[in-house]
Amino acid sequence: MQQEEPPLLVLQFSDLTYTVHKKISRWRRCFRKPTAVVASSAAVSRSSATAAAMATAPPPPPPPHSRLLLDHVSGEARDGEILAVMGPSGSGKSTLIDALAQRIESLEGRITLNSTHVSNSLLRSISAYVMQDDLLFPMLTVKETLMFSALFRMPRTQSTAKKRARVMHLLDQLGLVQVADTIIGDEARRGVSGGERRRVSIGIDIIHDPLLLFLDEPTSGLDSTSAYMVVRTLQKIAKTGSIVILSIHQPSFRILGLVDHLILLAFGQKVYGGPPAELHTYFHSFGRPVPQHENSTEHALDLIQELHNSQGGVKQLVEFCNFWIATASKRGSARILVGSTDVRGAISASISRGKLVASRPSSAFMFATQLSSPRHHHPQKTNNSHSQESDHDTKLSGADMVCKFANPWWTEIRVLALRSVMNIKRMPELFLMRLATVLFTAFLLATIFWNLDHSPLGIQERLGFFAFAMSTTFYTCADALPVFLQERYIFMRETGHNTYRMSSYVLANAMIYVPFLAVLAMSFVLTVWWAVGLAGGGSGFLFFFLIVWASFWAGNSFITLLSGVMPNVMLGYTVVVALLAYFLLLSGFFIARERIPKYWLWFHYLSLIKYPYEAVLINEFQVQGPCYESGSQILFGTPLASLSPTLVSEMLSLVSSTSALLNTPYANMSASSCILTGPDVLIAKQITELTKWQCLVITLAFGVLFRFLFYAILRFSGRNKRE
């Protein structure tokens with residue numbers, strides 16, 4: 001029996017069970033065979049005897065449309081040690097890591113830290129979770145990636161010099177000093193190696209020196225040397241006072257020597273739990289000793305597969321594992337805790353020795369007095385079962401001890417904006433390509449609609465120019481669609497452990513585009529304004545710039561909203577093109593408002609293009625002075641337009657004399673009389689409900705609304721938890 005010094009932190013878990021229920025369509029559910037209900041007196045009389053038998057019977061199998069991923073798994077992990085979860089593919093390794101990190105909603109069982117249930121918010125503040133995939137920005141260097149993580153996770157009370165010193169220490173600890181100034185890279189750009197990229201992924205999550213570190217297969221896809229270096233780095237991290245829990249598929253002999261405790265899973269069931277050095281003794285006692293010159297882990301995986309294909313399955317190995325654990329004290333291999341520090345004091349002691357650099361100052365080490373019942377109980381347990389818990393089994397909320405976020409929201413916005421601008425500067429071709437598209441479109445419009453005149457035909461050309469110009473501002477915003485789709489999993493990883501607030505991300509994402517959109521808007525306006533011959537003078541030019549800028553803003557916000565909903569780029573582009581086409585169709589250019597069917601009138605008012613389109617028409621045609629149709633052009637657009645000027649003059653004289661007798665506005669009409677001005681065009685197009693400034697405000701409000709909806713979608717879908 002091993003009596004050791006009590007560890008500062010012990011993560012214990014018992015009877016963890018997780019079942020996935022397959023969703024059945026309503027159509028299939030209607031045709032399912034109903035379950036027979038027996039209500040005979042004999043069945044009722046046998047109920048008491050059956051109840052007693054069920055109490056000692058093994059748990060029933062899951063329903064036919066369910067799958068048991070974890071089946072009553074228990075164990076513990078201590079600070080200063082590495083707990084490795086091993087097993088064949090589909091054994092539940094990643095599921096167990098997610099369960100211990102409280103990333104599963106409907107989990108049954110108990111998880112405690114020093115015999116105390118901690119809240120999910122506190123666990124997220126003192127832990128880190130490293131995903132299996134390396135989710136990094138490819139154009140940032142290793143040092144910049146870690147530095148941005150330090151700016152996010154370390155409080156602003158610490159100077160930039162201390163944060164830089166922490167990054168340099170971490171580079172040395174992770175063995176990344178020689179590649180500190182190398183970009184991460186991706187498929188198109190050569191960067192660091194796979195093992196170095198994995199260590200960077202670990203580094204950004206341990207920059208604040210967490211107490212618990214969860215890793216999902218950190219050696220996956222690496223060669224043996226890189227995998228060994230990663231696990232050796234994790235051993236150094238554990239020795240600093242952290243609990244390191246990782247899943248691993250098939251470790252080499254060298255990696256196994258770095259692991260302190262091993263849990264072997266087989267199809268969601270625990271078949272071994274103990275030091276890796278006892279594997280040979282364990283399998284020898286089971287009657288299947290490890291052959292000479294064979295890795296014990298390879299033998300374990302082969303044995304699991306062999307038993308799974310046999311008639312009894314892995315049941316006998318699970319039963320032997322339970323027997324092995326129960327008799328550990330007789331063999332002298334049981335680890336007995338001589339005492340256990342209260343979790344409050346344990347976290348305080350860890351912070352005082354340099355852990356959790358994102359925590360509050362020691363003067364604020366006051367815990368909330370709110371204590372509630374344990375979180376990881378089966379939802380159907382009664383209150384009596386809760387009352388039978390020990391006094392230590394309470395749920396601890398440490399919001400007053402450890403900051404939920406290391407920095408205020410304005411600092412997060414500044415760092416997020418700085419990182420985004422740096423990424424844009426490293427890939428200028430994206431913005432330059434968009435600028436080139438806008439300039440070419442503006443050049444095309446300027447040369448096609450060159451110096452439009454003030455005539456009935458000029459009115460039609462102006463209407464076509466404004467409709468195409470305003471719709472173009474929205475279509476050119478479609479390049480923003482892949483931005484969040486590429487950053488989505490980085491965002492989920494960073495917000496999953498309170499790196500920054502979701503609201504800070506949304507605000508920063510909106511703010512960094514404003515100056516770039518202003519450049520696009522000004523480039524477009526400067527190209528077309530004088531070339532087309534638009535009216536309005538200086539104030540008209542300024543408003544035209546503002547409405548184009550607002551259109552870019554609304555379009556960019558709309559595309560950003562869709563990127564939060566669409567699962568991939570191809571589907572997103574399809575939806576964007578379709579919706580913008582509908583907006584243009586019902587904007588008022590192709591069909592007047594009064595001619596739109598009533599059941600589609602609501603879509604007319606929701607059209608994003610309607611308000612910028614009406615705003616530029618008001619800006620163009622509200623100017624008094626230009627005459628767009630004189631008396632000599634009164635027959636324009638009709639079959640009589642080819643009549644000689646003499647006949648037209650005689651007709652105008654007849655209309656004039658008749659109007660004088662009837663006292664109508666068309667008296668004294670001649671060939672030079674102005675019969676259609678700019679305001680008349682607006683009345684004819686039924687653009688009389690709003691002013692141009694109201695249209696500008698509505699366009700800006702659309703952008704704000706889409707950003708808010710984008711935030712709501714992130715809040716709803718960004719929980720990063722299994723159901």
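Quantities reported herein were computed from a predicted structural model and do not represent experimental measurements. The analysis underlying the following values was restricted to heavy atoms, covering all of them including side chains, and did not include hydrogens, waters or symmetry mates.
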**Message:** Walk me through whether L100 and F13 qualify under side chain to side chain contact (heavy atoms under 4.5 Å, CB included).
**Reply:** CA-CA 8 Å; L100 297 179; F13 50 97; 3.5 Å; yes

**Message:** Quick one: does any side-chain atom of R153 pair with a main-chain N or O of D209 as donor and acceptor, under 3.5 Å?
**Reply:** no

**Prompt:** Which distance, rounded to the nearest 0.5 Å, do you find between the CD of E76 and the OG of S14?
**Reply:** 11.5 Å

**Expected output: side-chain N114 to main-chain V10 donor-acceptor under 3.5 Å** = yes

**Prompt:** Can you check whether I243 reaches L83 side chain to side chain, under 4.5 Å on heavy atoms?
**Reply:** no

**Prompt:** Does the side chain to side chain contact (heavy atoms under 4.5 Å, CB included) test come out yes or no for H284 and T281, once each step is laid out?
**Reply:** CA-CA 5 Å; H284 185 273; T281 307; 5.6 Å; no

**Prompt:** Just by modelled atom types, is the D15 backbone N or O under 3.5 Å from a matching donor or acceptor in the S74 side chain?
**Reply:** yes

**Request:** Indicate yes or no for a side-chain donor-acceptor contact from Q269 to the backbone of V314 under 3.5 Å, with no hydrogens or angles considered.
**Result:** no

**Request:** Looking only at non-hydrogen atoms, find the nearest pair between S504 and E412 and report the distance.
**Result:** OG-OE1, 2.6 Å

**Prompt:** Can any side-chain N or O of D216 pair as donor or acceptor with the backbone N or O of M131 at less than 3.5 Å?
**Reply:** no

**Heavy-atom pair with the smallest gap, counting every atom of H72 and T17** = N-OG1, 3.2 Å

**Side chains of Y282 and C321 in contact at under 4.5 Å (non-hydrogen atoms)** = yes

**Request:** Say whether, by atom type as modelled, one donor and one acceptor occur between the side chain of R198 and the main chain of D134 under 3.5 angstrom.
**Result:** no

**Prompt:** Of F323, F320, W324, which is the lone residue that meets ring-ring contact (aromatic ring centres under 6.0 Å, His included) with F286?
**Reply:** F320

**For F491 against T495, the heavy-atom pair lying closest together** = O-OG1, 2.7 Å

**Prompt:** Could you state the interatomic distance from CD (E306) to CG (D302), rounded to the nearest 0.5 Å?
**Reply:** 8.5 Å

**Asked** Quick one: are R493 and D205 in side-chain contact, heavy atoms under 4.5 Å?
**Response** yes

**Request:** Show your reasoning for whether side chain to side chain contact (heavy atoms under 4.5 Å, CB included) applies to S252 and Y228.
**Result:** CA-CA 8 Å; S252 64; Y228 174 76; 5.6 Å; no

**Item:** Rounded distance [0.5 Å steps], CG in L307 versus CD in Q316
**Value:** 5.0 Å

**Straight-line distance of L9 CG to R78 CZ, nearest 0.5 Å** = 12.0 Å

**Prompt:** Going through the checks in order, is the side chain to side chain donor-acceptor pair (under 3.5 Å) test met by Y129 and D98?
**Reply:** CA-CA 9 Å; Y129 185 98; D98 286 346; 2.4 Å; yes

**Asked** With side chains defined as the heavy atoms from C-beta onward, is the minimum distance between R232 and L258 less than 4.5 Å?
**Response** yes

**Approximate separation, where rounding is to 0.5 Å, of I111 CD1 and L16 CG** = 5.0 Å

**Asked** Heavy atoms, side chains only, cut-off 4.5 Å: are S201 and L135 in contact?
**Response** no

**Prompt:** Counting distance only, does the side-chain N/O of Y272 pair as donor-acceptor with the main-chain N or O of P275 below 3.5 Å?
**Reply:** yes

**Prompt:** Does L279 reach the side chain of H299, with side-chain heavy atoms less than 4.5 Å apart?
**Reply:** no

**Prompt:** Going through the checks in order, is the side chain to side chain contact (heavy atoms under 4.5 Å, CB included) test met by I202 and I237?
**Reply:** CA-CA 10 Å; I202 296 172; I237 296 171; 4.1 Å; yes

**Euclidean distance, R288 CZ relative to L317 CG, rounded to 0.5 Å** = 10.0 Å

**Request:** Evaluate the side-chain proximity of T499 to Y505: yes if any heavy-atom separation is below 4.5 Å, no if none is.
**Result:** no

**Prompt:** Is K93 reaching over with its side chain to a backbone N or O of P88, donor-acceptor style, under 3.5 angstrom?
**Reply:** yes

**Request:** Kindly indicate whether the side chain of L264, heavy atoms from C-beta on, has any atom under 4.5 Å from the side chain of I304.
**Result:** yes

**Fill in**
Of all heavy-atom pairs linking V244 and L234, the shortest is CG2-O, 3.9 Å

**Request:** Check whether any side-chain N or O of N407 sits under 3.5 Å from a backbone N or O of F152 as a donor-acceptor pair, and report yes or no.
**Result:** yes

**Complete:** Nearest heavy-atom approach of L301 to M86 is CD2-CE, 4.3 Å

**Message:** So does P210 get a backbone contact from the side chain of S242, meaning a donor-acceptor N/O pair under 3.5 Å?
**Reply:** yes

**Prompt:** Of all heavy-atom pairs between P251 and L256, which one has the smallest distance, and what is that distance?
**Reply:** CG-CD1, 3.8 Å

